[in-house]
Amino acid sequence: MDIIIVLDFGGQYAHLITRRIRDLGVYAEIYPYDVDLEKIKRIKPKAIIFSGGPGSVYEENSPKVSKQFLEYTIENRIPVLGICYGHHLIMQLQGGKIKLKAKKEYGRTNILILEPNLIFDSLEKEEIVWMSHGDQITELAAGFKVYAITETCPIAAYGNQNKLLFGVQFHPEVSNTPKGNIIIENFIYKIADCKKEWELEGWIDKTIEKIKKDIGPNNKVILGLSGGVDSSVVAVLLHKAIGDRLHSIFVNNGLLRKNEEIEVQETFKSKLRFKNFHYVDAEDLFLKRLKDIEDPEEKRRIIGHTFIEVFENKTVELGKANPDIKFLAQGTIYPDRVETSVTSKASAKIKSHHNLTLPDNMMLEIIEPLKDLYKDEVRRIGMRLGIPDEIVARHPFPGPGLAVRIIGPINKEKLEILREADGILIEEIKKAGIYENLWQAFCVFLPLKTVGIMGDYRTYEYICSIRIVESTDAMTANFAKLDMDLLEKMSTRIINEVKGINRVVYDISNKPPSTIEYE
Ligand code: XMP
């Protein structure tokens with residue numbers, strides 16, 4: 001299969017470039033900029049993209065590739081496209097000059113395309129693009145042509161058809177460059193001559209066959225099933241491949257959303273007919289260990305460790321009755337295991353039964369069927385596998401659950417209040433038909449009491465904050481500008497129906513500088 005490599009120079013969009021290429025039908029992977037050239041040679045990519053990055057090529061310690069890198073691509077006729085920082089780097093390595101510009105160019109700009117070329121094939125003479133840079137090329141190396149200019153940037157794109165080196169100062173991968181996809185498509189199909197081979201339908205069949213082969217006819221598999229998208233998709237793939245030889249463990253940590261433990265059991269046990277679905281109620285243990293804990297990172301640590309312990313105990317118990325359990329399946333996805341220079345909190349977080357310490361006679365081999373996929377690919381596969389929408393389209397939910405949505409120490413009473421409020425919020429969002437347009441919508445429990453009035457009585461109760469954000473990857477997010485009537489309805493219902501809350505506030509902070517979660 002054709003592969004495109006995206007070299008990451010620290011830009012926040014490296015994963016986005018990779019996803020765009022895959023959406024267009026070619027498999028792509030990210031590597032750090034200092035990856036060993038020998039590794040690249042072994043992969044034999046059809047093309048390479050240099051991502052953007054915050055550095056300046058003339059700074060001493062800025063990320064670079066060796067001169068041999070481009071010698072290798074030129075010699076082997078492997079096209080390279082540089083984006084922003086990558087655009088400067090190719091030019092510097094080829095002998096051009098780059099300077100700091102007096103004024104940083106940021107935002108939407110018009111480019112003027114100077115001469116017909118494959119990169120801009122089928123575009124208009126003038127197009128809108130997204131710029132974000134402080135440096136620009138002032139002198140082109142020999143053999144290169146200027147492909148496009150902007151009012152303030154005399155070399156906004158260049159190319160050298162003989163060496164197959166190309167650069168664009170702007171970001172074709174972001175949606176603010178409306179024709180960006182055509183530019184990437186031109187590069188991967190018209191210049192790099194890739195075949196359109198990355199499609200998810202074939203992936204499902206191939207993966208099920210591979211799972212069958214890897215596991216063999218008799219062995220059994222254990223899986224931690226949280227009811228989130230990733231572990232659910234792994235569960236259904238495995239179930240299709242090996243049926244009831246799959247043992248799933250679902251741990252109720254007492255930090256789940258309203259009815260979540262009931263819904264997950266219904267889906268897997270009743271609807272999908274999983275026979276070996278093991279429900280472990282560990283609520284008391286988790287709440288006991290979390291008692292009086294204030295610090296968010298300490299909460300996360302305790303939850304992570306306790307989960308591993310509970311999961312281990314159940315695994316050992318099942319292992320005794322089923323000595324042929326030989327594999328541990330995990331819902332690891334591509335961003336979880338590929339470190340980019342900009343690591344989001346989401347990707348750094350615990351998905352870790354990695355640290356299981358099992359008895360010596362129970363050595364489990366790890367299988368990670370989703371390890372090459374992005375979240376949106378996992379979702380699409382989930383839909384094709386017929387997993388109910390309630391699971392596939394569900395908003396992301398942090399591993400530590402409601403514990404990081406209650407500021408300060410948690411207890412059963414606060415959890416109950418938060419669950420009720422959150423349930424109402426989600427119900428109203430779904431009724432309004434906007435659930436699927438939002439990245440996340442949830443309530444946060446603020447342990448502050450304020451005065452209110454209910455009928456003839458003065459009240460003194462807690463505050464509930466509503467957090468609703470729009471985002472595409474959680475790296476940045478904007479608060480949703482919801483209809484005031486809808487907000488009013490949610491607030492009225494929460495205050496009337498949830499005992500313990502007499503005030504609701506709407507969070508109007510964007511990320512950055514705020515984060516999505518509160519802890
Ligand atoms: P922040 O709060 O950093 O969140 O803007 C970004 C995304 O990551 C999720 N998140 C977590 N996921 N364990 C997880 O599995 C965690 O500890 C955790 N903290 C934040 C958050 O819900 C959002 O989608």
Side-chain angles (χ1 to χ4, degrees), residues 12 15-16 224-234 250-251 253-257 260 264 286 289-290 293-308 311 330-340 342-355 368 370 374-376 378-379 391-408 410 418 422 425-426 429 435-446 465-480 507-519:
Q12 53 177 326
H15 271 304
L16 191 55
L225 181 50
S226 70
V229 185
D230 305 337
S231 64
S232 299
V233 170
V234 173
F250 174 77
V251 177
N253 59 8
L255 308 167
L256 304 173
R257 287 162 287 188
E260 192 162 359
V264 173
F286 275 88
R289 298 235 173 118
L290 287 166
I293 304 295
E294 208 156 322
D295 177 57
E297 287 315 310
E298 182 67 4
K299 283 183 186 172
R300 283 195 166 83
R301 203 184 55 77
I302 293 173
I303 295 166
H305 287 180
T306 309
F307 177 81
I308 289 172
F311 189 80
Q330 296 190 337
T332 318
I333 64 173
Y334 192 57
D336 294 330
R337 67 184 181 89
V338 178
E339 286 211 15
T340 60
V342 189
T343 319
S344 76
K345 199 160 154 194
S347 62
K349 288 306 163 193
I350 33 170
K351 259 220 184 137
S352 46
H353 339 307
H354 289 285
N355 311 328
E368 301 175 309
L370 310 180
Y374 279 106
K375 192 90 178 182
D376 45 338
V378 175
R379 282 218 167 90
I391 288 182
V392 180
R394 198 155 199 189
H395 290 167
F397 185 59
L402 298 184
V404 290
R405 293 180 181 172
I406 291 174
I407 313 306
I410 68 165
L418 180 57
D422 196 67
L425 173 84
I426 296 298
I429 293 280
Y435 184 84
E436 260 137 57
N437 309 337
L438 301 168
W439 177 263
Q440 272 171 302
F442 57 88
C443 289
V444 179
F445 181 95
L446 306 183
S465 169
I466 295 182
R467 181 73 166 140
I468 304 182
V469 295
E470 292 167 348
S471 172
T472 48
D473 54 12
M475 302 260 284
T476 61
N478 291 333
F479 77 87
D507 185 341
I508 53 169
S509 338
N510 292 333
K511 174 182 179 177
S514 301
T515 50
I516 298 176
E517 304 286 347
Y518 276 34
E519 284 203 332

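When a ligand or atom number is given, it counts from 1 through the structure's own listing order.
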Discussion item. Could you check whether T332 and R337, counting side-chain N and O atoms only, form a donor-acceptor pair closer than 3.5 Å?
Written reply: no

Worksheet item: Counting only N and O atoms by type, is there a donor-acceptor contact under 3.5 Å from the side chain of N510 to the main-chain atoms of F479?
Response: yes

Practice prompt. Please check if the side chain of S471 supplies one atom and the backbone of T476 the other of a donor-acceptor pair under 3.5 Å.
Written response: yes

Worksheet item: Side chain, backbone, both or neither: which part of P400 has a heavy atom under 4.0 Å from ligand 1?
Response: side chain

Worksheet item: Any non-hydrogen atom of Y518 lying under 4.0 Å from ligand 1?
Response: no

Suppose I only count heavy atoms of [X] and a 4.0 Å limit; which atoms of ligand 1 are within that range?
X	answer
W439	24 (O)
K511	1 (P), 3 (O), 5 (O), 6 (C)
R300	16 (C), 17 (O), 18 (C), 19 (N)

Worksheet item: ligand 1 and G399, any nitrogen or oxygen pair closer than 3.5 angstrom?
Response: yes

Worksheet, complete the sentence: Min over P396, P398, A403 of heavy-atom distance to atom 12 (N) of ligand 1 lands on P398

Item to complete: Anything under 30° is parallel, anything over 60° is perpendicular, the rest tilted; go ahead and classify Y435 against H395.
Response: parallel

Discussion item. Check for me whether R467 meets the cation-pi criterion with Y518, that is, NZ or CZ under 6.0 Å from the six-membered ring centre and within 45 degrees of the ring axis.
Written reply: no

Worksheet item: Is the shortest side-chain N to carboxylate O distance from E519 to K299 below 4.0 Å?
Response: yes

